[in-house]
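We're numbering straight along the sequence, starting at 1.
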Amino acid sequence: MGSLFLSGGGDRKNTEKFDEEFQRQIGQAKPLLYIPIAMDGMIPYADCLQWMRDVFNPLGIHEIVMWTDLHKKSADDLQQFSAVYIGGGNTFHLLNEIRNSGFDKVLVEYINGNGVVYGGSAGAIILGSNIMTSAHLDENKVGVKDFSGLDVLDGLAVWCHYESGDDETIRSYIRDFDAPVIALPEESGAYFQDGHIKVTGTRSAYLFIGEDKVELQPGAEFNFRGSDEHDAQAILGKQQPFNDAVGHMLSIEGYPAAGNHKNLETMPKALQVGGYLFVGLMAILFVSIVVVGWVLQ
């Protein structure tokens, strides 16, 4: 499985830290392939390419090749590049073009062969399980009827340009499509490989599973393995959902963090047994006192 960089979108200042991490991984030995077709009819391709140069030239990436026609391409054609960068724009148009050209299958083959793909906004969304996470922003002018994405993220759907006011819309999406969502603000991104996710950038990302919302601060890492029954606790261990009382208390500065206390389960086995015996004896003693007091009345 390849390496996937999912960007929440925004301008180059928003994505600067994420772009630097992308550059460190791909190096400069090969050109970077740029696919701008999500911007078709919105911004001239020449301007899109200049924007890419403005972003990556300062990071040491000077060879950037742009493809605007994806027909008759193969996974072998992609081997000449260090990575594939799929830019933002209209998600429905992007998926429609990729499907109609057959490039969706090419891209999946490339990813399964350890290819590296950077998805910016719409480019990230199409890598997920379903593109209806973009329906609140993008118009479906091309009449896409199958909203399935390339689904190379173990069942995750991607929500870009995330703001806290999107929460109820995200939960409505989850109820409709029964799929977990990773929500990325414009200053955030996520690196995905073989179910392992690392959040980077300057703002937290959020994982929505069912009614749970879990904050993923920059630098957070966890394993996400797709299944029919996604469970926040199983995936994130002891990390508490952000929307419950514990999550709220843990967000207060100075409140003891989860895991900083010792509980019975973390103690050696002998101490655990002793603890259970002590609790049992105390319970028996308490009951005995109550019974004796009742008899003496």
Rounded to the nearest 0.5 Å, what's the gap from CD1 on Ile125 to OG1 on Thr91? Could you check?
-> 4.0 Å
For Glu186, which residues count as a side-chain contact (heavy atoms from CB on, under 4.5 Å) partner, sequence neighbours excluded?
-> Asn14, His161
For Pro180 against Ile209, the heavy-atom pair lying closest together | CB-CG1, 4.0 Å
Shortest non-hydrogen contact between Leu127 and Val117, atoms and distance = CD1-CG1, 4.1 Å
Residue pair Asn130 / Tyr173, side-chain heavy-atom distance below 4.5 Å | yes
Show which side-chain atoms of residues 25-38 pair as donor or acceptor with protein atoms under 3.5 Å away, not counting sequence neighbours.
residue	atom	partner	partner atom	Å
Gln25	NE2	Ser3	OG	3.0
Lys30	NZ	Gln79	O	2.8

Nearest-0.5 Å distance that lies between atom CD1 in Ile86 and atom CG in Leu94 = 6.5 Å
Within the distance-only criterion (no hydrogens, no angle test), does the side chain of Tyr110 pair as donor or acceptor with the backbone N or O of Val116 below 3.5 angstrom?
-> yes
Show your reasoning for whether ring-ring contact (aromatic ring centres under 6.0 Å, His included) applies to Phe22 and Tyr191.
-> CA-CA 9 Å; Phe22 173 66; Tyr191 167 74; over 10 Å; no
Do you know the tightest heavy-atom contact between Ile170 and Ala183?
-> CD1-CB, 4.1 Å
Is the closest side-chain donor-acceptor distance between Asp54 and Gln50 under 3.5 Å?
-> yes
Using the side-chain contact (heavy atoms from CB on, under 4.5 Å) rule, take Val152 and Leu107 through it: C-alpha gap first, then chi angles, then the decisive distance, then the call.
-> CA-CA 10 Å; Val152 291; Leu107 198 57; over 6 Å; no
Sidechain-backbone polar pair: Asn100 side chain, Glu97 backbone, donor-acceptor under 3.5 Å | no
Give, for atom CD1 of Ile126 and atom CD1 of Ile98, the distance between the pair rounded to the nearest 0.5 Å.
-> 3.5 Å
From Thr200 OG1 over to Glu221 CD, what is the distance, rounded to the nearest 0.5 angstrom?
-> 10.0 Å
Within a strict 4.5 Å, meaning less than it, do heavy atoms of the Leu207 and Leu156 side chains meet?
-> yes
Of the non-hydrogen atoms in Pro185 and Ala205, which two are nearest, and what is the gap between them?
-> CD-CA, 4.1 Å
Determine yes or no for a side-chain-to-main-chain donor-acceptor pair under 3.5 angstrom, with Asn57 supplying the side chain and Ile61 the backbone.
-> yes
Indicate yes or no for a side-chain donor-acceptor contact from Ser134 to the backbone of Leu137 under 3.5 Å, with no hydrogens or angles considered.
-> no
Check whether any side-chain heavy atom of Lys141 sits under 4.5 Å from a side-chain heavy atom of His93, and report yes or no.
-> no
Pairing residues for Val144 by the side-chain contact (heavy atoms from CB on, under 4.5 Å) criterion, not counting sequence neighbours | Phe92, Asn96, Arg99, Asn140, Val142, Phe147
Examine Met42 and Val55 and state if one hydrophobic cluster contains both, with Ile, Leu, Val, Met, Phe, Trp and Tyr joined whenever side-chain heavy atoms are less than 4.5 Å apart.
-> no
Between Ser188 and Leu184, is there a donor-acceptor pair closer than 3.5 Å when you use the side chain of the first and the backbone of the second?
-> no
Scanning both residues in full, the closest heavy-atom pair of Val108 with Leu150 reads CG2-CB, 4.3 Å
Indicate whether the side chain of Asp69 and that of His71 have a donor and an acceptor atom separated by less than 3.5 Å.
-> yes
Is there a side-chain contact between Thr202 and Pro218, using heavy atoms and a 4.5 Å cut-off?
-> no
Indicate the ring-plane relationship of Phe103 and Trp67, choosing parallel, tilted or perpendicular according to the 30° and 60° boundaries.
-> perpendicular
Just wondering, do Met66 and Thr68 contact through their side chains at under 4.5 Å, heavy atoms?
-> yes
Determine, using the 4.5 Å side-chain heavy-atom cutoff (strictly less than), whether Ile43 and Ile64 are members of one ILVMFWY cluster.
-> no
Please check if any side-chain donor atom of Asp146 sits under 3.5 Å from a side-chain acceptor atom of Ser148, or the reverse.
-> yes
After noting the C-alpha distance and the side-chain angles of Lys13 and Glu187, does the key distance pass the side-chain contact (heavy atoms from CB on, under 4.5 Å) rule?
-> CA-CA 8 Å; Lys13 186 176 181 180; Glu187 300 87 353; over 6 Å; no
Cut-off 3.5 Å, side chains only: do Ser129 and Asp151 have a donor facing an acceptor?
-> no
Does the side chain of Asp167 come under 3.5 Å of the side chain of Tyr206 through a donor N or O and an acceptor N or O?
-> no
So, do Phe192 and Asp154 sit near enough that their side-chain heavy atoms are less than 4.5 Å apart?
-> yes
Side chains of Tyr85 and Phe56 in contact at under 4.5 Å (non-hydrogen atoms) | yes
Would you please test Tyr45 and Asp40 for side-chain contact (heavy atoms from CB on, under 4.5 Å) and show each step?
-> CA-CA 7 Å; Tyr45 287 145; Asp40 186 30; 3.2 Å; yes
Going by atom types alone, do Thr169 and Asp166 pair a side-chain donor with an acceptor below 3.5 Å?
-> no
Look up atom CZ in Arg171 and atom CG in Asp212, then write down how far apart they are to the nearest 0.5 Å.
-> 8.0 Å
Path from Val84 to Met39 over hydrophobic side-chain contacts below 4.5 Å | no
How many angstroms lie between OG in Ser101 and NZ in Lys72, if you round to the nearest 0.5 Å?
-> 12.5 Å
Please assess Phe208 against Tyr162 for the test side-chain contact (heavy atoms from CB on, under 4.5 Å), listing each intermediate value before the final yes or no.
-> CA-CA 12 Å; Phe208 289 79; Tyr162 168 76; 4.1 Å; yes
Between Thr133 and Val158, is there a donor-acceptor pair closer than 3.5 Å when you use the side chain of the first and the backbone of the second?
-> yes
Is there side-chain contact between Val106 and Asp104, with heavy atoms separated by less than 4.5 Å?
-> no
Sidechain N-carboxylate O distance under 4.0 Å for Glu168, Arg175 = yes
Taking every heavy atom of Gly88 against every heavy atom of Ser121, the minimum-distance pair comes out as CA-CB, 4.1 Å
Verify whether one side chain among Gln217 and Ser204 offers a donor that lies under 3.5 Å from an acceptor in the other.
-> no
